[in-house]
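Below: one structure, written as structure tokens.
Throughout, a chain's letter reflects where its sequence line sits, starting with A, and its residues are numbered from 1.
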2 protein chains.
Amino acid sequence: MSTHKLRTVSVVEAVAEQLSEDIFNGIYRPGDVLTETQLSERFDVPRQTIRSAIVMLLHDGILRRERNKSVYVPLFSEDDIRDLFAVRRLVEMETARILCSRGILPEGAENAVRSMERLSDENSCDELLKYDYQFHQALIEATGSTRLQKFYRSISSEMRLALTYFRSGDFSPSQMAREHREFLDAIRSGDSSAAVKACQIHIEESETFVNQTIHAQRERMNPGRMAASMPDEADL
Amino acid sequence: MSTHKLRTVSVVEAVAEQLSEDIFNGIYRPGDVLTETQLSERFDVPRQTIRSAIVMLLHDGILRRERNKSVYVPLFSEDDIRDLFAVRRLVEMETARILCSRGILPEGAENAVRSMERLSDENSCDELLKYDYQFHQALIEATGSTRLQKFYRSISSEMRLALTYFRSGDFSPSQMAREHREFLDAIRSGDSSAAVKACQIHIEESETFVNQTIHAQRERMNPGRMAASMPDEADL
DNA sequence: ATGGTCATACTGTTATACAATAAAACCAAG
DNA sequence: CTTGGTTTTATTGTATAACAGTATGACCAT
């Protein structure tokens, strides 16, 4: 008998999953307020179930609330983005270091890069992001550190939400594939400092890309003015 | 009018707090199983409230469960301890780097060290640990990184639980104070790499101390045998 | 305008019940 | 005595309903 741990999803998990999908897909947008009764009716589950699901998303950082207030979809400030990328860089650089020093080259990451390389430049952005997630996920898991994984999970949701709103459609699959391939090669090389450096570069490229998008959006909405404090959290 | 954000505690928070205190104080010991009805009766609050409180402690890592099973107090394996210290080192070294580069010297940390220095060597271990926590907490908070703080919070509970079971009583307040003082001085110096190094040393000293305690305990229970896989999770 | 009261909608909490699951006890053959 | 299946029981997961506490905005009086 092969002990294949099979997965079941509880009701709250299902609700939480659907809800986060809705948030990532823009059904609910930053600033939107979600009341428990409303959600309870929508999913036709008791309010307590909704509450449990909400708690999960609160931990994932894709919902927020203050006491006795309804939850809302967060709008990330520039500080949030900075913070997010800073800790992500920290975690991923450590991951690179660990994998390198142990000579681990996770299969899942290799597969993810291959999938990227197969994508033509006209493919959907969503699919590309999926492989990107798969890539980094595989690296983290390969470290075997439960705490690192837990932490990464808690920021990756925020990361995804941030990307949802701060990305222009013009991702280039070929460039993306190349970057990840280089990163993976650096790990394979066994040169720890080179791998860490490659990781740092990879993440910083991703960050500048997001920043460019942010400024472009800002420019579109506020032509003329530079570096004003615009979307931030003026409307919460 | 000074906007002093005042704190209220909800029922579930109160339960969660009491419960974690009980765990830290050894009322509930590693391996102990807690059923919801039992807790519900004990605190005289409905089961739903207990469930919510449990979720909080699950996230803090001081309770665990599998689906449809009762929660239990985790017993940390050697791998857990290793992992815990590894990520803690990662976070605290990054903290040191940040504070140093920004020239921040948190007041709370200074106060905590002073408190340690006031303790005579006969003082209670609990109090010492409290200041230790206060010290590191102050450092993390001063970084201003919400994510780093969240991460630290999620491991500090586990850390405390681990210390609860893997510490001999012979902490030396004077040594403890000295170590922290050195660490703080390193940050004050502004030399980033020196501060990071000091941090690393401080944490590794703490880790070796715990490891010694573990081995001592093991030796007591298993005289003769070396490095056997003993307490680990044989009894869950 | 200012300040106070009230109405309303929502969250936080409690109570109760039932369905689904897991573990133990039990029983029945082989 | 062991294997395999059945029943029992304790416990979690889910559902329904109600009420109390809080935040918010409308309304009113000054």
Side-chain angles (χ1 to χ4, degrees), chain A residues 1 3-20 22-23 28 31-74 233-236, chain B residues 1 3-20 22-23 28 31-74 233-236:
Chain A
M1 175 187 116
T3 56
H4 184 63
K5 201 195 305 175
L6 47 81
R7 267 249 291 293
T8 65
V9 284
S10 70
V11 179
V12 306
E13 280 168 349
V15 170
E17 202 154 319
Q18 180 63 55
L19 213 45
S20 49
D22 289 347
I23 292 173
Y28 298 114
D32 282 359
V33 172
L34 312 182
T35 70
E36 297 176 357
T37 23
Q38 171 204 125
L39 294 173
S40 162
E41 286 167 10
R42 180 180 157 203
F43 290 109
D44 193 39
V45 297
R47 232 183 83 213
Q48 284 291 357
T49 305
I50 296 291
R51 283 173 72 81
S52 303
I54 284 178
V55 170
M56 299 181 68
L57 302 191
L58 288 175
H59 274 283
D60 286 348
I62 60 177
L63 282 183
R64 293 188 191 165
R65 79 168 157 201
E66 295 119 48
R67 179 161 303 174
N68 294 318
K69 299 272 195 69
S70 303
V71 297
Y72 58 88
V73 183
E233 34 204 359
D235 53 341
L236 297 188
Chain B
M1 171 190 122
T3 55
H4 185 63
K5 201 194 304 174
L6 46 81
R7 263 235 323 286
T8 66
V9 284
S10 69
V11 180
V12 305
E13 280 169 348
V15 170
E17 204 154 318
Q18 179 61 56
L19 213 45
S20 48
D22 289 347
I23 292 172
Y28 299 112
D32 281 0
V33 173
L34 312 182
T35 70
E36 296 177 358
T37 25
Q38 170 204 124
L39 294 173
S40 161
E41 285 167 9
R42 179 180 158 203
F43 291 109
D44 194 37
V45 298
R47 205 156 63 90
Q48 283 290 358
T49 305
I50 295 291
R51 283 174 71 81
S52 302
I54 284 179
V55 170
M56 299 180 69
L57 302 192
L58 288 175
H59 273 283
D60 286 347
I62 61 177
L63 281 183
R64 293 188 192 165
R65 80 167 156 200
E66 294 119 48
R67 179 160 306 175
N68 295 316
K69 300 270 197 71
S70 303
V71 297
Y72 58 89
V73 183
E233 33 206 0
D235 54 342
L236 297 187

Neighbour count >12 (heavy atoms, 6.0 Å) for atom CD, E17(A): no
Spatial distance of atom CG (L34(A)) from atom CD1 (I50(A)) [nearest 0.5 Å]: 10.0 Å
Listed once per pair and sorted, the ring-ring contact (aromatic ring centres under 6.0 Å, His included) pairs that draw on residues 32-55 of chain B, sequence neighbours left out: none
Which residues share a salt bridge (Lys or Arg N to Asp or Glu O under 4.0 Å) with D32(B), sequence neighbours left out: none
S20(A) side chain to A16(A) backbone, donor-acceptor under 3.5 Å: yes
Under the side-chain hydrogen bond (donor to acceptor under 3.5 Å, both in side chains) test, residues paired with Q18(A) that sit two or more places apart: D22(A)
Letter per nucleotide, 5' to 3', of nucleotides 11-17 of chain C [B base touched, S only sugar-phosphate touched, - untouched; heavy atoms, 4.0 Å]: BBBB--B
Contacts of type salt bridge (Lys or Arg N to Asp or Glu O under 4.0 Å), residue E13(A), not counting sequence neighbours: R67(B)
Nucleotide interval of DNA chain D bounded by contacts with chain B (heavy-atom cut-off, under 4.0 Å): dT11(D) to dA15(D)
